[in-house]
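Below is one structure, written out as structure tokens; the observations come after it.
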Amino acid sequence: MPKLIVTEKPSVAHAIAKALGITKRRTGYLESDEYLISWCVGHLVELAPPSSYDPKLVKWSKADLPILPKAWQYLVSPGTQKQFEILRSLMARSDVDQLVCATDAGREGELIFRLVYHQCGCKKPFTRLWISSMEDAAIREGFNHLKPSTEYDALFKAALCRERADWLVGINATRLFSCLYGQPLNVGRVMTPTLAMTVSREAAIDAFRPEPFYLIQLQTGGYMASSERFKDKSQAEALLAECRKASQAVLQKNERKEKTERPPALYDLTSLQRDANRLLGYSAQQTLDYTQALYEKKLVTYPRTDSRYLTEDMEPDLPDLVRQTAAYFGVTSEIPIHAKQVINSKKVSDHHAILPTRSMAKADLSSLPAGEGHVLRLIAARLLAAVGEPYRYAETTVQMECAGQVFTAKGKTVLTEGWKAVERAVLGDTAQKNEEKLELLPEVQEQETLPVLDAQLKEGKTSPPKHFTEDTLLSAMETAGKEELPEETERRGIGTPATRAGIIEKLVKKGFLTRDGSGKTKNLIPTEKGRALIAVMPETIQSPDMTADWEQKLLQIEQGNLDPETFMNKPVRQ
């Protein structure tokens, strides 16, 4: 009797079918003697709108709030009704006695499958495919070790709580504030505090008033040393005159410190999105789309991960993967492999960090779309860097006295390029962006007298806070509410790696944020509509603390440490 495999999308179903030898094509599914395989198309089953509970709720009225369903109702999306009926008929077949849940291995994938399963009224037992790579070998290995469905019951409960609590906040808050202010005002648990952070940043920029400052720079033969800043120009001018009159400076301090910069951790989705935005100018959503495409082409592992480490069982195979990756990208120098730097099972949640796969060695990089190719290079470079040697440099600080004022010069000497050399070999000029540039300073002895060859007055202005980019907004989302959670908590912030890109895109599409700027990396600026929304939102809704608290509680539900009813009955921290 065949097992029914249910995937999240057709492309994944076809990849699994290829790995398992399922070749017969039918309408909406594929078939072999051992398996049937079909697919959802995103969220086939969704929460019903308020009008399904009471027809009068079609109209928005403050008097009808709050809307609190006693028994939750679900509907099949009209555009996917046909595929839902195919799945229902397959689940009902008399020769199908078992199912395999093969949707994406995460919270939302679990929700997608289970909602369809329950909406179809299916009671047949099912197991769970949980893999981090779409390579044929990984798929077959996953089917050889299918997990009991009960291992993921808590994950489903967390997903259900997230969906229903978001519905409660979104529906009730949106209707309340729209009624109060006589215009549509979209409110979302993650969307609103994210928007609030950008509005707060712009308010700080608008309120900023630049202040002039002045400093004196001395050229002393090998050194360009600067004084402290002065607010009063006349003080700086007086020092300038004194320095020119003195014509020499006395070296007081020559300090050389050797410093080490450890290799970076591997990528999770958020850190990959941040680098792709900073280095390549890609939006968070573009990076997610490119990485998902690479995953489905079997070139990288599962992208929607919040882990930056690998599990201990992966350590033996890592050196071969590193060598293959280096060869694929033309790195000819010997690659040091310190595998233990990236191994930490305790810091791996549902999925390990994003890696290139072995299948990449057989791929034609030139045939990939440019965006996918660039993201693949980032992932490969990060793997090679993460297992590499430390970057070591000497930082020199020189202080000298002239006319009773201390002047400082700083320089940097690279001792060992380490992981940065490997990163540069793969990424080229891209890796050089935002590198700190410090001059090489000559060796001198303390108390040595140095001639003042030139002295200049330099004028500047204090800088306002910087606008958010997708890189910095993702970082702010990731750490929002961090101080409210226990230090050992791994999952902090608002949203998850899988949802943050969608939140930013939603804010842009709804006209609350706009991308602004001429360079690759655009600033995210709140529109007048976005500012107006935050202006009328109470602090509780726009603060990231509530959302960060929810994420922590949802994680506790996933881990079986919090009862879902407790969360749903009191979802907002009091």
Side-chain angles (χ1 to χ4, degrees), residues 132-133 135 137-138 257-268 271-272 275-276 278-280 291 294 298-301 307-345 347-348 352-368 372-395 412-438 440:
S132 292
S133 169
E135 293 177 285
K257 288 185 178 179
E258 292 193 6
K259 296 189 175 182
T260 298
E261 194 174 322
R262 294 176 58 80
L266 296 167
Y267 280 132
D268 63 358
S271 56
L272 174 61
D275 271 7
R278 180 173 58 88
L279 300 173
L280 302 170
T291 315
L294 290 169
K298 310 178 184 184
L299 301 179
V300 302
T301 58
S307 302
R308 302 190 68 179
Y309 291 89
L310 309 178
T311 52
E312 290 172 6
D313 62 303
M314 300 176 71
E315 186 175 350
D317 296 329
L318 192 59
D320 280 346
L321 178 62
V322 170
R323 283 188 281 268
Q324 284 183 12
T325 303
Y328 184 72
F329 283 97
V331 179
T332 54
S333 58
E334 185 177 345
I335 301 291
I337 303 173
H338 301 286
K340 290 194 180 299
Q341 293 174 175
V342 298
I343 303 295
N344 191 333
S345 294
K347 290 191 175 183
V348 177
H352 58 69
I354 303 171
L355 293 175
T357 65
R358 293 177 179 277
S359 298
M360 186 189 68
K362 304 170 189 172
D364 178 9
L365 186 60
S366 64
S367 68
L368 289 176
E372 292 177 27
H374 290 143
V375 169
L376 182 58
R377 276 191 179 274
L378 282 182
I379 295 168
R382 179 51 58 94
L383 168 62
L384 301 182
V387 298
E389 302 276 0
Y391 167 70
R392 294 177 56 249
Y393 62 97
E395 191 173 270
K412 180 177 178 180
T413 305
V414 176
L415 302 176
T416 308
E417 291 221 316
W419 63 268
K420 289 198 174 189
V422 182
E423 184 182 70
R424 189 161 48 251
V426 179
L427 298 182
D429 293 341
T430 303
Q432 301 303 308
K433 290 189 179 180
N434 297 342
E435 279 273 326
E436 184 184 13
K437 296 216 175 355
L438 288 174
L440 176 64

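Quantities reported herein were computed from a predicted structural model and do not represent experimental measurements.
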For the pair Ser271 (side chain) and Tyr267 (backbone), establish whether a donor and an acceptor sit closer than 3.5 Å, ignoring hydrogens and angles. no
Go through the structure and list residues passing salt bridge (charged side-chain N to carboxylate O under 4.0 Å, His left out) with Glu312, not counting sequence neighbours. none
Mind checking the CD-CD spacing from Glu389 to Glu417? Nearest 0.5 Å is all I need. 13.0 Å
Considering non-hydrogen atoms only, spot the tightest contact between Tyr309 and Gln341 and give its length. CE2-O, 3.7 Å
Can you confirm whether Arg323 sits close enough to Ile337 that some side-chain heavy atom of one is under 4.5 Å from a side-chain heavy atom of the other? yes
Return the minimal non-hydrogen interatomic distance between Leu376 and Leu368, and the atom names on each side. CD2-CD1, 3.9 Å
Rounding to 0.5 Å, atoms CZ (Arg308) and CG (Leu272) come to a distance of 10.0 Å
What verdict does the side-chain contact (heavy atoms from CB on, under 4.5 Å) test give for Glu372 and Leu299, after you've listed the backbone C-alpha separation in whole Å, the side-chain angles of each residue and the deciding distance to 0.1 Å? CA-CA 10 Å; Glu372 292 177 27; Leu299 301 179; 5.9 Å; no
Kindly say whether Ala339 contributes a backbone atom to a donor-acceptor pair with the side chain of Glu315 at under 3.5 angstrom? no
Under the 3.5 angstrom rule, does the side chain of Thr357 hit a backbone N or O of Lys298 as a donor-acceptor pair? yes
Side chains of Arg358 and Asp320 in contact at under 4.5 Å (non-hydrogen atoms): yes
If you define the side chain from C-beta out and look only at heavy atoms, does anything of Leu383 sit under 4.5 Å from Leu318? yes
Thr291 OG1 to Ile379 CD1 distance, which is reported to the nearest 0.5 Å: 5.0 Å
Heavy-atom closest pair, residues Thr301 and Ser133: CG2-CB, 4.3 Å
Of all the heavy-atom pairs spanning Pro356 and Ala380, show the shortest one and how long it is. CG-CA, 4.3 Å
Answer yes or no: is there a side-chain heavy-atom contact under 4.5 Å between Phe329 and Leu384? no
Over all atoms of both residues, closest heavy-atom pair of Asp268 and Ser307: CB-O, 3.3 Å
Shortest non-hydrogen contact between Ala385 and Trp419, atoms and distance: O-CB, 3.4 Å
What distance do Gln324 atom CD and Leu321 atom CG have between them, rounded to the nearest 0.5 Å? 6.5 Å
Looking at OH of Tyr393 and OG1 of Thr413, how far apart are the two atoms once the value is rounded to the nearest 0.5 Å? 11.5 Å
For Glu258, look at atom CD and say whether over 12 heavy atoms of other residues, nucleotides or ligands are found less than 6.0 Å away. yes
Determine yes or no for a side-chain-to-main-chain donor-acceptor pair under 3.5 angstrom, with Tyr328 supplying the side chain and Leu365 the backbone. yes
For a 4.5 angstrom cut-off between non-hydrogen side-chain atoms, does Arg377 reach Thr430? no
Are any non-hydrogen side-chain atoms of Met314 and Leu355 less than 4.5 angstrom apart? yes
For a 4.5 angstrom cut-off between non-hydrogen side-chain atoms, does Thr311 reach Ser345? yes
First locate atom CG of Leu427, then atom NE2 of His374, and finally report the distance between them rounded to the nearest 0.5 Å. 10.0 Å
